[in-house]
Amino acid sequence: MRWGPAGIPMEFEGNTAGAIGYTAKEGLNAFECEFVRGVKMRNDMAVEARKEAEKNKVSLSAHAPYWINCAAKERMKVDATLRNILDTVRIAKVLGAGVIVFHPGFYMGRSPEETMTLVKKTLEEALGRMEQERISNVWLGLETTGKGTQFGTLSENIELSASLEMTKPVVDFAHIHARYGGILKKKEDYLKIFTEIENKLGEEAVKNFHSHFSEVAFGDKGEKHHMIIGEAYSPPFKPLAEVLVENGYEGTIISESPLLDIDALKMKRMYEEAASRKR
Ligand SMILES: [Zn+2]
């Protein structure tokens, strides 16, 4: 298993390369570079970050900008989406990051089927451009979204991943929990997610998954804020740790809690406790 923060650790000040080294010293082995407000990292900084990641055996991923909408109504906005995806893919290639994560789009009053068709077309275009640029080792990670207005349920992301190359679902457990009014409570609830992925995409998809975890505050419209793990909110991490241990699922869990690296370490410890209980 790999554990890491979504961005620069709490107590660290400095650049991404320094943050990656710091994360490794804390005992973590993954790091998600946040480009949620645009890709502004220079190539030389990305090369430095990559060296630090390789030296410390930290695996990198990248979060693409928030304003991506693969089902945008105007061509200009689809072009902006493609630019944001491609900018993130290019920097990911320099970083040696294996997956870029983004929220695929919005329904904007259209049916899920119609939206799916548009999202798929935009992703095909992105993949075509990646091929032209000979970028073959960066996955497009479709994040499960936290609001009913957003395209990107687990099933939708799985369906796209099954039909497009180099595309995989990224499970944001907090978003799934929030979207459906708090459905993740017990081991069975988590198991259902992994079973659906494995049934539709094969064993590899649950042996090398990428995901986000935090607790979450939510209302009628879904996700409100990501919250600290183990305090007053939900979903609970412990049953997820047990499901991972008992079924041998493996991959990366990025902490999107406000406590980033601190809560990544908390999850890692809880997972190790679950593993030692099983032995
Ligand atoms: Zn997320």
Side-chain angles (χ1 to χ4, degrees), residues 1-10 23 28 30-39 59-70 81 84-85 88 92 97-106 119 138-158 160-161 167-180 182-184 189-190 193-194 197 205 208-219 221-229 233-237 240 244 251-264 266-267:
M1 282 299 299
R2 291 190 169 271
W3 312 91
I8 307 288
M10 300 301 291
T23 300
L28 298 167
F31 186 93
E32 193 148 292
C33 302
E34 295 293 314
F35 301 114
V36 295
R37 286 178 186 82
V39 180
S59 79
L60 298 183
S61 52
H63 201 304
Y66 281 138
W67 45 78
I68 282 173
N69 181 3
C70 295
T81 285
N84 279 308
I85 293 176
T88 314
V99 58
I100 71 154
V101 181
F102 55 94
H103 308 157
F106 295 85
V119 171
V138 181
W139 287 79
L140 301 183
L142 309 176
E143 180 167 355
T144 54
T145 47
K147 292 179 182 157
T149 52
Q150 290 173 297
F151 177 91
T153 63
L154 180 64
S155 304
E156 285 166 344
N157 292 347
I158 288 175
L160 283 167
S161 305
T167 305
K168 65 158 127 187
V170 169
V171 176
D172 186 309
F173 292 99
H175 287 170
I176 291 180
H177 188 65
R179 182 173 190 137
Y180 302 108
I183 54 164
L184 301 179
D189 305 324
Y190 288 106
I193 294 174
F194 287 96
I197 295 174
N208 187 23
F209 69 85
H210 190 80
S211 69
H212 291 166
F213 194 93
S214 75
E215 293 193 11
V216 65
F218 59 90
K221 296 199 171 78
E223 168 201 15
K224 283 186 180 163
H225 307 285
H226 289 284
M227 306 300 287
I228 292 168
I229 293 167
Y233 289 84
S234 57
F237 181 72
L240 172 56
L244 296 174
T252 302
I253 297 187
I254 296 293
S255 161
E256 284 191 332
S257 139
L259 292 183
L260 298 170
D261 53 317
I262 313 278
D263 272 356
K266 192 185 281 173
M267 287 190 280

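Every number for a ligand or one of its atoms is a count from 1 in the order of the listing.
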Exercise. Under 3.5 Å, is there a donor-acceptor pair linking the side chains of Glu223 and His177?
Worked result: no

For this session: For the residue pair Ser61 and Glu32, confirm or rule out a side-chain donor-acceptor distance under 3.5 Å.
Result: yes

Exercise. Which of the N/O/S atoms in Glu256 sits closest to the Zn ion (ligand 1)?
Worked result: OE1

For this session: Among the N/O/S atoms of His212, select the one at the shortest distance from the Zn ion (ligand 1) and name it.
Result: ND1

Exercise. Are Phe213 and Phe237 near enough that their ring centres are under 6.0 Å apart?
Worked result: yes

Exercise. Do Thr145 and Arg179 meet the criterion of a side-chain donor-acceptor pair at a distance under 3.5 Å?
Worked result: yes

Problem set entry | Angle subtended at the Zn ion (ligand 1) by Glu143 OE2 and Asp172 OD2, rounded to 10 degrees | 90°

Problem set entry | Metal site the Zn ion (ligand 1): N/O/S of His175 inside 2.8 Å | no

